[in-house]
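For reference, the structure discussed in these notes is given below.
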There are 2 protein chains.
Amino acid sequence: MNISERKKRILRAVIEDYIATAEPVGSKTISKHAELNISPATIRNEMADLEAMGLLEQPYTSAGRIPSPGGYRFYVNELMEQHRLSLQETEHLNAALRLKTQELDRVITEATRVISKLTKYPSYAISAGPSHVTIRRFDLLQVEQQTFIVVVMTDTNIVKNKLLRLPADLSETQIHLLNRLLNTSFTGLTLEEITPDLMEMAKQAVGEAYALLTMVIAFATEVMREQETYAVHVSGLARLLEYPEYRDLERAQPLLAYLSEESALSALPKPDDSDVKIYIGPENVEGALQDTSVVVASYDIGENMRGLIGIVGPTRMDYAKIAARLYYFADGLTKLLGSGGDQTKRKK
Amino acid sequence: MNISERKKRILRAVIEDYIATAEPVGSKTISKHAELNISPATIRNEMADLEAMGLLEQPYTSAGRIPSPGGYRFYVNELMEQHRLSLQETEHLNAALRLKTQELDRVITEATRVISKLTKYPSYAISAGPSHVTIRRFDLLQVEQQTFIVVVMTDTNIVKNKLLRLPADLSETQIHLLNRLLNTSFTGLTLEEITPDLMEMAKQAVGEAYALLTMVIAFATEVMREQETYAVHVSGLARLLEYPEYRDLERAQPLLAYLSEESALSALPKPDDSDVKIYIGPENVEGALQDTSVVVASYDIGENMRGLIGIVGPTRMDYAKIAARLYYFADGLTKLLGSGGDQTKRKK
DNA sequence: GTTTAGCACTCGAGAGGAGAGAGTGCTAAA
DNA sequence: TTTAGCACTCTCTCCTCTCGAGTGCTAAAC
């Protein structure tokens with residue numbers, strides 16, 4: 001696209017003004033920008049050109065201009081300056097990143113909350129697990145005669161436990177035997193490899209302890225399955241209503257309903273590299289998002305796992321600021337959670 | 001309050017009609033009720049009386065009547081018939097209660113989602129922990145030379161674990177010593193009882209293993225603190241917008257914002273017995289809830305812990321149906337999670 | 001050739017008013 | 001005590017009108 005420098009200036013001015021005010025921008029308003037010493041009439045001509053190029057739109061004849069999705073795209077690709085976080089902002093983000101070393105779930109929940117608060121848009125996070133998880137290690141701890149804690153550790157270094165109650169006593173040798181069997185025959189297996197045949201064989205081997213074995217294996221498969229699935233979080237939904245574009249309930253409601261449906265969110269775009277991605281209006285495939293923009297960053301949880309954190313809002317948004325914040329935050333999360341960091345942070 | 005049988009009939013008719021239509025109810029509409037063979041004029045007289053008693057209201061002169069909060073209260077206390085769940089409804093609820101035996105958190109999250117879907121109102125759940133938690137048992141499992149899994153079990157039978165990495169090697173005797181020290185000197189202590197003095201004494205006792213000890217204790221205190229705090233979940237927020245009373249954004253927005261603020265929710269009423277409680281309009285203390293009703297049931301998680309599950313909606317709601325569903329659901333949750341049930345369900 | 005001033009024109013937002021309809025309260029009759 | 005009749009009230013909806021912002025075009029100025 002070949003665009004004169006002046007047109008670019010005007011386009012940027014329109015977009016930035018519209019981002020700030022949510023009102024269509026007229027030629028007069030633009031002409032007041034000190035850097036552009038041109039009359040409204042000239043600007044009108046230029047704007048007509050920009051409209052013909054598909055970068056601006058008129059809500060109706062003889063209203064001001066607003067940026068079209070294509071205009072935003074051009075802005076994001078070519079005109080947007082790298083926004084730098086203010087000291088205060090980095091401070092806020094850093095404070096948020098000093099999350100307690102809790103379970104991953106909580107870190108993610110907290111992260112969405114913080115990013116939503118910071119950007120003033122609803123935010124969502126999806127953490128995607130690796131496709132095949134196996135158990136690396138089993139431990140059986142006897143608490144009381146018929147009470148055990150089973151601890152399993154996956155090959156992704158996730159440790160989970162559960163309290164089990166048995167209906168009958170077991171001897172110490174039986175427990176020992178079971179422990180060994182678990183750590184020899186059931187480690188390194190994917191979900192599919194735990195077959196009824198295998199269980200049958202194990203039954204022969206452990207005898208009376210089979211009841212406990214099935215409970216342990218049931219738990220292990222639950223953990224594996226859980227690790228392999230997505231976890232979705234949304235925060236700050238209600239903030240959407242603060243924006244004039246969602247003053248109209250007819251418009252706001254379907255979007256809110258869509259964002260409330262966590263299963264739907266997992267279909268949102270998943271960029272695979274670590275850049276911040278921006279999806280503007282119709283660039284989103286989902287119908288409910290046609291009039292909204294999604295800004296999403298991806299972070300590294302380590303061990304084959306990637307997470308996404310993003311925000312959803314009207315196409316009129318300050319992409320520069322938002323993108324910078326998400327980038328900084330995702331980067332921080334990667335450092336906090338990723339392979340480089342302290343493994344213990346990934347417990348749960 | 002002394003009210004004639006006929007007045008009660010009329011009040012009930014007004015309330016039930018208003019619940020169904022959300023429109024002020026006129027005398028003509030009521031007179032059409034087959035069971036009440038009285039003319040509109042008579043009904044007008046009666047309604048004027050009911051209004052004088054504060055049970056009905058007129059949005060403006062010469063509109064129909066709508067129930068006042070007091071009217072709803074009277075309805076709930078004296079007129080409401082026990083709603084019986086349909087077979088289909090119990091089926092739905094039962095299916096929902098067959099939740100996976102996952103962590104408590106998840107069960108609660110899932111429960112709010114189900115109840116919100118069923119009632120079509122936003123729902124919330126709060127699980128309150130006991131006020132003093134102590135650690136009953138510590139286990140240290142060595143995974144690799146410098147990697148340990150620490151497993152702690154609270155006196156409320158909650159088991160949690162974490163993966164720890166050490167900067168230096170430890171001998172087997174040191175680990176053994178630490179393990180014993182933990183299980184003798186640190187069990188049964190509340191958060192306040194873990195003093196710097198105690199830590200200092202422990203330092204003398206374990207020597208080099210002190211680094212590991214602090215990590216373990218840090219984790220234990222984190223677990224205790226977590227167990228003692230509330231967990232809040234909200235689901236189905238956007239459903240609020242489906243009701244005509246929230247068509248007006250000015251009205252909907254503050255409420256949505258309030259419900260999004262999880263910390264605010266923990267201030268919601270906490271009934272202490274196991275009945276379903278109903279708080280109508282101004283009976284709620286929170287300003288944002290003045291125009292809404294809260295229906296809440298409490299369920300037993302066992303071991304000193306109680307949870308709440310409730311819904312929030314316009315004062316015009318079908319209290320009978322909602323209360324019945326919540327009651328059934330809370331009862332089911334109690335059976336699933338409570339002292340009577342399988343303790344293993346409470347793992348996490 | 002480009003830029004600017006002038007001007008008629010367009011279109012939505014918002015104010016104001018008229019009419020319809022639902023429902024009331026009061027009065028008087030049954 | 002109940003009911004019918006009737007004047008009255010008040011909101012809701014639709015319509016019209018005006019206002020103003022902003023445009024596109026034309027012609028003059030640079």
Side-chain angles (χ1 to χ4, degrees), chain A residues 3-11 13-15 17-18 20-53 55-68 71 244-245 247-248 250-251, chain B residues 3-11 13-15 17-18 20-68 71 244-245 247-251:
Chain A
I3 287 193
S4 77
E5 194 54 39
R6 196 171 66 181
K7 281 197 176 61
K8 285 185 188 171
R9 284 252 194 94
I10 291 174
L11 178 59
V14 171
I15 290 182
D17 200 271
Y18 184 64
T21 65
E23 300 283 327
V25 188
S27 52
K28 209 167 164 188
T29 321
I30 298 297
S31 79
K32 284 199 195 113
H33 272 252
E35 326 112 56
L36 276 90
N37 260 332
I38 25 184
S39 77
T42 315
I43 291 175
R44 279 205 286 284
N45 286 330
E46 295 283 48
M47 293 212 293
D49 289 354
L50 286 168
E51 187 172 354
M53 292 183 208
L55 299 178
L56 290 180
E57 284 176 351
Q58 258 179 319
Y60 48 88
T61 326
S62 72
R65 299 302 206 294
I66 63 173
S68 73
E245 24 273 275
R247 268 298 157 73
D248 182 9
E250 310 302 315
R251 196 174 301 274
Chain B
I3 287 193
S4 78
E5 194 55 38
R6 196 172 66 181
K7 281 199 176 58
K8 285 185 189 171
R9 284 253 193 94
I10 292 175
L11 178 60
V14 171
I15 291 181
D17 202 90
Y18 184 65
T21 65
E23 300 285 325
V25 187
S27 52
K28 210 166 166 190
T29 321
I30 299 297
S31 79
K32 284 198 196 116
H33 271 251
E35 326 111 59
L36 275 94
N37 260 333
I38 26 183
S39 76
T42 315
I43 291 175
R44 279 206 284 284
N45 285 330
E46 295 284 48
M47 293 212 293
D49 288 357
L50 286 168
E51 185 172 355
M53 292 183 208
L55 299 178
L56 290 181
E57 284 176 351
Q58 258 179 317
Y60 49 88
T61 327
S62 73
R65 301 302 206 293
I66 64 174
S68 73
E245 23 275 274
R247 268 297 158 70
D248 182 9
L249 262 199
E250 309 302 313
R251 196 173 303 273

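Order of the sequence lines fixes the chain letters, A, B, ..., with proteins taken first and strands second; residue numbering starts at 1 for each chain.
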Rounded distance in Å - [atom1] ([X]) to [atom2] ([N]):
| X | N | atom1 | atom2 | result |
| --- | --- | --- | --- | --- |
| A/E23 | C/dA13 | CD | C1' | 11 Å |
| A/K32 | D/dA21 | NZ | P | 10 Å |
| A/I43 | D/dG24 | CD1 | C1' | 15 Å |
| A/K28 | D/dT23 | NZ | P | 11 Å |
| B/K7 | D/dT1 | NZ | C1' | 12 Å |
| B/D17 | C/dG23 | CG | P | 10 Å |
| A/M47 | D/dT23 | CE | P | 4 Å |
| A/L56 | D/dG22 | CG | P | 15 Å |

Practice task
Note every stem involving DNA chain C: at least three consecutive Watson-Crick or G-U wobble pairs, i with j then i+1 with j-1, with both distances under 3.5 Å.
Solution key: C:1-30 with D:1-30
Completion exercise
Those residues at least two apart in sequence (or on a different chain) that pass side-chain hydrogen bond (donor to acceptor under 3.5 Å, both in side chains) with B/R9 are none
Handout entry: Partner set under side-chain hydrogen bond (donor to acceptor under 3.5 Å, both in side chains) for A/N45, not counting sequence neighbours
Key = none
Test of understanding: with side chain to side chain contact (heavy atoms under 4.5 Å, CB included), list the residues that count as partners of [X], not counting sequence neighbours.
| X | result |
| --- | --- |
| A/A48 | A/R65 |
| A/R6 | A/S4, A/I10, A/I38, A/T42, A/E46 |
| A/E57 | A/I66, A/S68, A/P69 |
| B/T61 | none |

Handout entry: 4.5 Å side-chain heavy-atom contact, A/L55 and A/K7
Key = no
Handout entry: Straight-line distance of B/L56 CG to B/M47 CE, nearest 0.5 Å
Key = 7.0 Å
Exercise for the section: Please collect all salt bridge (Lys or Arg N to Asp or Glu O under 4.0 Å) contacts where either partner lies in residues 22-34 of chain A, sequence neighbours excluded, each pair once. Expected result: none
Problem - By salt bridge (charged side-chain N to carboxylate O under 4.0 Å, His left out) - contacts of B/R247 (at least two apart) - result: none
Might you list the N or O atoms of the protein lying below 3.5 Å from N or O atoms in nucleotides 2-8 of chain C, with each pair's distance?
from, atom 1, to, atom 2, distance (Å)
C/dT3, OP1, A/R6, NH1, 2.9
C/dT3, OP2, A/R6, NH2, 3.2
C/dT4, OP2, A/S39, N, 3.1
C/dT4, OP2, A/S39, OG, 3.2
C/dT4, OP2, A/T42, OG1, 2.5
C/dT4, O5', A/S39, OG, 3.4
C/dG6, O6, A/R44, NH2, 3.3

Could you write out each protein N or O paired with an N or O of nucleotides 9-19 of chain D at a distance under 3.5 Å?
from, atom 1, to, atom 2, distance (Å)
D/dT9, O2, B/S62, OG, 2.6

Completion exercise
Of all heavy-atom pairs linking B/A63 and B/P59, the shortest is CB-CD, 4.2 Å
